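Values below: every heavy atom of this structure, side chains too, minus hydrogens, waters and symmetry copies. In what follows, every chain begins at residue 1, and chains take the letters A, B, ... in the order their sequences are listed. Everything quoted here is computed from the prediction, not taken from an experiment.
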Amino acid sequence: QADDLKVTIVLDWTPNTNHTGLYVALSKGYFAEEGLDVTIIQPQEGTAEQIVASGSAQFGIGYQESVTFARAEGIPIISLAAVIQHNTSGFASLAEKEITSPKDFENKKYGGWGSPIEEATLRYLMEQEGADPEKLQIVTTGDADFFQMSSTGEVDYAWIFEGWTGIEARLRGIELNYIELGKVAEVFDYYTPVIITSEKMIDENRELVQKFMKAVERGYKFCIENPEEAAEILLKNVPELDRELVIESQKYLAEKYQDDAEYWGLQKQEVWERYMQWLFENGFIAEQVDVTKAFTNEFLNQ
Amino acid sequence: MELAVDIVNLCKSFTLNNKELKVLENVNLQAEAGKFISIIGPSGCGKSTLFRTIAGLEKEYTGSVIVNGNDIRQSRPYIAYMLQKDLLLPWRNVRKNIVLPLELSGKLKNTDTGFLEKMISEFGLEDFVEAYPDELSGGMRQRVALLRTWLMEGSIMLLDEPFGALDALTRKNIQDWLLEIWEKHRKTVLFITHDIEEAIYLSDEVYVMSPRPGKIIENININFGRPRRRDIVYTSLFIDYKRWLMSALQV
Amino acid sequence: MELAVDIVNLCKSFTLNNKELKVLENVNLQAEAGKFISIIGPSGCGKSTLFRTIAGLEKEYTGSVIVNGNDIRQSRPYIAYMLQKDLLLPWRNVRKNIVLPLELSGKLKNTDTGFLEKMISEFGLEDFVEAYPDELSGGMRQRVALLRTWLMEGSIMLLDEPFGALDALTRKNIQDWLLEIWEKHRKTVLFITHDIEEAIYLSDEVYVMSPRPGKIIENININFGRPRRRDIVYTSLFIDYKRWLMSALQV
Amino acid sequence: MKKFINTGKLSLPISFAVLIIAWESLVYVLKTPDYLIPAPSAVLQALIESFPVLMRHTAVTLLEVILGFITALILSVVMSLLMVRIKVLYQILWPYMIISQTVPLYILAPLFMIWFGFGILPKVLIVVLVCFFPITVGFVQGLTSTEPELDELLQVMRATPSQILWKVRVPQAMPQFFSGLKIAAAYSVTGAVLSEWVGAQEGLGIFLTRSMKTFKTAALFADVLIIIVLSLLLFYIISHLEKKVIRRRSLL
Amino acid sequence: MKKFINTGKLSLPISFAVLIIAWESLVYVLKTPDYLIPAPSAVLQALIESFPVLMRHTAVTLLEVILGFITALILSVVMSLLMVRIKVLYQILWPYMIISQTVPLYILAPLFMIWFGFGILPKVLIVVLVCFFPITVGFVQGLTSTEPELDELLQVMRATPSQILWKVRVPQAMPQFFSGLKIAAAYSVTGAVLSEWVGAQEGLGIFLTRSMKTFKTAALFADVLIIIVLSLLLFYIISHLEKKVIRRRSLL
Ligand SMILES: Nc1ncnc2c1ncn2[C@@H]1O[C@H](COP(=O)(O)OP(=O)(O)OP(=O)(O)O)[C@@H](O)[C@H]1O
Ligand SMILES: Nc1ncnc2c1ncn2[C@@H]1O[C@H](COP(=O)(O)OP(=O)(O)OP(=O)(O)O)[C@@H](O)[C@H]1O
Ligand SMILES: [Mg+2]
Ligand SMILES: [Mg+2]
């Protein structure tokens, strides 16, 4: 135990069911078996990429989008695995608003965190459905939560994760209409979240990455097979979370982690390429990114 | 005759290091309206405390203090009080310090302050109206404080060593000024001084206080006519008064 | 003889409202070591400014000020200076205010402060060693400041109206105390007062200053022996001195 | 007089009780959903339920606060004294001290993590960063806005500049020093909570984000309640100290 | 004397230049990647490139700062005066004022948005919230820690309590009032930047998050640079005003 290698992984957000595999690997001793002493850190949102790139933490949780941005800025990070095979985020609205397709976005108020990507995404979706993107209305709501936002009546729909906010709505008995992003436009079926590390780690510590990913993979496989027990493990590690939400979310995600992929974590080049192109065409990145360097499946399916 | 200040059995103590310090003990003082009364007594005997009590600054005492017929416990008296420290407001220049009482009573605008210029130059402050207190000498500060006191409302003046920092000449001039305006307006003046001759020269009555706890141990009438002339100081009556007071003070 | 203070052609002005205010003009003063010298002059003539300059608090002047053979521009003189304001530290009690000079020179521990208790009770402050300045009367504050000055280092004492707030009796006692210790230690004393008799009684020499801008207009030697007795005030020589000085001051 | 003081002391509990009752009733009457504003009773329940967990987090945050506050105090006092003594130091350092306050913490958070790791150090440093500025501003202002008279008196006594500083300026600066301390006290706990952004495993800040992101509004309020109580405690400790240190009739 | 002042005034530019050069060289020598710490030259370049965009954002933030600061100033002054006059008000309000500072802003920000909409109002309110506390603490402390002598003098003159307040207490409170103002000035811009979290379309805070999310570190530093400059500007305006208002030999 004493000479276990110290490893730190920084999360992207509050610990949630996206991270259960990590906690399972920790609690079940999978990391220990690999000789790793892992600490899970919850940092400020949106800082994981920088921290991993700097080497302060060896691993982190990111998104395909942020990895692409990072690489466009020359930040040498690499995605090691897609935690969830398909994008489970989408646009939710209270049922009474009757927003069932991007067509209905016309003259409805979208509440977002103010990123230009949101606007481009929404316009793309509306155009694709033949709606008038000029009738898009956006209010910036920052970090406010979906339920509070909707209750003000100032916002009609917002971008949420089905496996979290969607589940919470179900638990509260709030009826939602939900438009799954990946389903309405293939280009948006990107990987979110992903596990990241730095190029330097792969170059200099390949073995460590291998060991780490092996344990992580076991963790997620366990989640897939035993969602309820996995949920308990997460709750034991993070007791602050809402019990019901975690259990229900875990059940929901059990099928989503691997989904239709050959094995858990697999990332396809076309998915990376597609979204990178879209970002490029919409002017979010100045140059095209070599996506083959942005991800690797090398450490999966061990 | 009407009493401007009527003090009966006034007792006053402070708490000092959790012990009681008796400062005034059964002080009785009756000041007729329009009189000029001096109070002399050893340092620390309670003279300033007496004035502070009359002015309503000390609330905890026994006995009664009646000013112009009203108990000061009931209503704060109208009194022009010059405290022992000059207490000029450091952020105000001389003129603004002087007119403060008018400003407070809202009469600054209605009062013709032309006469002020005259008084300021009588007090030798004509070059200093725009100066700030920290640019004045000790005696000049005292003169400013006296002028300010003169502008306070009230038919009673309490002056706590108003000339302590003045040289002989200035002092004489201001004594004469004081007598002159006093004779014109006939306010009641209570006057603390350490200068026995000054007390005799100015007053109708002199009270002598004992060392702490302060009691009135002597009270003499000064029988010189008004307006007074400087040369009374050479009369044998004056010298008798002086001897008498000095012996009362055990000098 | 050795000069303790040697002032030659001292001129000093202030800027007041952007105008030059001449305060000292060609002041010459030679104080022999061990002498007791009084300075009298009208209020505002520059006496305190003169002391401040000697003590090194005013830097901008012309002429020269030599203290114990050293130009004060070169080295800050060792001087025991009692300023006109008492300037007690309000957060320190009486004892701590008094011993401040010892504390600063690091001698508090080595000095036997037993004698202090005696002096404190001679000054009538025995019940107030633990009291804070705001619990003292005006005269008591002055006595505390004088005691503190006595503990300052230096063979020269500058006393700026040290007895201004004291009654006749206390004043006499403290004058006598001052003469006694002065005769024992033979420090050079420069003494500002408004009391002409006090100046004559205490001094070897009296300087008279003119109104602002202050010049030395008179300088007389007082030819009474030492130790002095109170009754010299009744001598005709004393009265002559007094007349002389009063006429110099135009009183 | 006595009576007045009593009603004075009571006015806070009374106003507080009124507030709580009004809040509870409003939530009942308006049927405000829990996730918008939980009723005080719900908060209390959450507090009781999560008490052991909350206490664990509180211990962590409190440690950060105490270490940070004390470090800031020492640092501020030393820096203030140095800056007042050495003018050039003041001229050089002052702008950087202001700058240190103007850089948003969420920019600093990742940098701190990279520089100082994930231990308690970066958190304590953030508390220091938050607290030292008000203390220093207050103290420096206090040390430099005194009347020159007492300075002069000590000069006459041939006091060294540092004696003048210690014997005259410092005592006179106490009211302003304490107003800086009070501001710092009010900020310190929030500072520690924020600091947990720089990557933490435990602490009230972690509990806070977690409750927020799992929509447990009542638990979130319970957490905020603890933050408030800690802050008030610190604030009143400082106020109490102030009364001990400054011998002066209080005007309030 | 003259010479000393000159080197004093120069010490800051010199230290600043040294810092910048050292930073630039270090980045060169250590080959620190841009995304960790960009070189000053890179920041300058980003500043120039994004200048028009940055200026648009700056205008928005500046408006929030100015409105918020002025509102806070007025509010603080009024509240302080009221609390000093009416003791019960002090006893009731003071704890809530402290509480208002201890609730983390990122809890309040979303609530503010829900309560006050998405316009400039919630942002200005956050700036107010950040600024009013230091001003009030300083002012109240200043108003209540004066020597009673001058109060008594005015009592003798039969001044009303509010005259005593205005003619004696307020002038005496100026040094402490200004130390509060300075602290508030240092915080105000950061406060506005934070406030833009509650959902804004424009502002330095928005630019900041966008640069951060897209890892444009040089642009992010350029943004921070503007924040610093604005804060310093405000701080020095206050310091300058202070010198005008307080007639006193400065000891620094
Ligand atoms: N606030 C206070 N607390 C405690 N003791 C006090 C207070 N104010 C005054 N005293 C004490 O009361 C006594 C009388 O003081 P007071 O100022 O009335 O003397 P005084 O006669 O005016 O003396 P002086 O001629 O020296 O001015 C003194 O012993 C003083 O120490
Ligand atoms: N800092 C200053 N700025 C401007 N003028 C000043 C300053 N200090 C003193 N003065 C002026 O210098 C003159 C002399 O003042 P000083 O205090 O020396 O008088 P003094 O002889 O001690 O008078 P007193 O007997 O009244 O104490 C006064 O007119 C005063 O206004
Ligand atoms: Mg007195
Ligand atoms: Mg003088």
Side-chain angles (χ1 to χ4, degrees), chain A residues 6 8-18 26 38-57 60 143-152 160-161 164-165 167-169 171-174 234-246 248-249, chain D residues 30-38 46 49-57 104-123 126 193-220 222-223:
Chain A
K6 293 233 180 288
T8 305
I9 176 161
V10 285
L11 304 180
D12 57 326
W13 212 60
T14 294
N16 60 69
T17 43
N18 287 348
L26 188 69
V38 172
T39 313
I40 302 173
I41 297 283
Q42 174 187 342
Q44 181 192 337
E45 274 171 47
T47 58
E49 290 80 4
Q50 222 177 330
I51 291 158
V52 169
S54 76
S56 292
D143 224 10
D145 91 44
F146 172 76
F147 299 102
Q148 295 182 347
M149 221 150 69
S150 307
S151 68
T152 65
I160 65 160
F161 272 99
W164 196 253
T165 312
I167 301 282
E168 177 70 14
L171 290 173
R172 289 185 187 184
I174 297 172
L234 177 62
L235 282 167
K236 207 179 92 232
N237 280 281
V238 193
E240 298 83 5
L241 300 182
D242 188 71
R243 181 172 192 82
E244 273 183 286
L245 174 59
V246 166
E248 289 309 310
S249 171
Chain D
L30 299 181
K31 297 199 198 313
T32 320
D34 223 32
Y35 58 86
L36 267 189
I37 294 284
E49 272 171 19
S50 311
F51 198 73
V53 181
L54 267 170
M55 281 304 105
R56 218 186 56 223
H57 289 296
L105 269 185
Y106 60 94
I107 298 300
L108 285 181
L111 293 178
F112 266 48
M113 209 165 9
I114 290 165
W115 295 334
F116 307 113
F118 304 101
I120 196 172
L121 182 63
K123 287 123 201 168
I126 285 179
V193 168
L194 278 179
S195 80
E196 283 151 9
W197 275 354
V198 306
Q201 283 146 297
E202 285 185 303
L204 290 173
I206 291 294
F207 188 96
L208 202 70
T209 32
R210 289 183 183 172
S211 331
M212 191 157 149
K213 295 288 152 75
T214 50
F215 313 103
K216 287 163 80 172
T217 320
L220 183 147
D223 186 297

Check your understanding: Picking from D:Thr217, D:Asp223, D:Thr209, which has the most non-hydrogen pairs under 4.5 angstrom with chain A?
Key ->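 Most pairs with chain A among the choices: D:Thr209.
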Check your understanding: Under a 4.5 Å heavy-atom cutoff, which of D:Ile206, D:Val198, D:Leu111 has the most pairs with chain A?
Key ->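 Among the listed options, the one with the most contacts to chain A is D:Ile206.
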Under 4.5 Å heavy-atom distance to chain D, tell me which part of [X] shows up: side chain, backbone, both or neither.
{"X": "A:Leu11", "result": "neither"}
{"X": "A:Gln42", "result": "both"}
{"X": "A:Ala48", "result": "neither"}

Exercise for review: Answer with side chain, backbone, both or neither: which region of D:Lys213 has an atom nearer than 4.5 Å to a non-hydrogen atom of chain A?
Suggested key: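 Looking at D:Lys213, backbone and side chain both touch chain A.
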**Study point:** Under 4.5 Å from any heavy atom of chain A - which part of D:Ser50
**Key:**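 For D:Ser50, neither part sits under 4.5 Å from chain A.
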Point to revise | Partner residues of D:Ser195 under the side-chain hydrogen bond (donor to acceptor under 3.5 Å, both in side chains) criterion, sequence neighbours left out | key: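 Not a single residue meets the side-chain hydrogen bond (donor to acceptor under 3.5 Å, both in side chains) criterion with D:Ser195.
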Check your understanding: Any side-chain heavy atom of A:Phe161 sitting closer than 4.5 Å to one from A:Phe146?
Key ->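 Result no, sub-4.5 Å side-chain heavy-atom pair not found.
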Review point. Using a cut-off of under 4.5 Å for heavy-atom pairs, which of A:Ile51, A:Leu241, A:Thr47 has the most such pairs with chain D?
Key: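 Most heavy-atom pairs under 4.5 Å with chain D: A:Leu241.
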Practice item. Go through the structure and list residues passing side chain to side chain contact (heavy atoms under 4.5 Å, CB included) with A:Arg243, not counting sequence neighbours. Key: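 With sequence neighbours excluded, A:Arg243 shows a side chain to side chain contact (heavy atoms under 4.5 Å, CB included) to A:Glu232, A:Leu235, A:Ile247, given in chain and number order.
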Point to revise | Polar side-chain atom of D:Glu196 near backbone of D:Leu204 as donor-acceptor pair, under 3.5 Å | key: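 A pair under 3.5 Å: yes.
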**Study point:** A:Val52: which of A:Val10, A:Ile9, A:Thr8 passes side-chain contact (heavy atoms from CB on, under 4.5 Å)
**Key:**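 Only one option passes, and that is A:Val10.
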Check your understanding: Going by the angle between their ring planes, with limits at 30° and 60°, are D:Phe112 and D:Phe116 parallel, tilted or perpendicular?
Key ->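 Answer is perpendicular, since the angle exceeds 60°.
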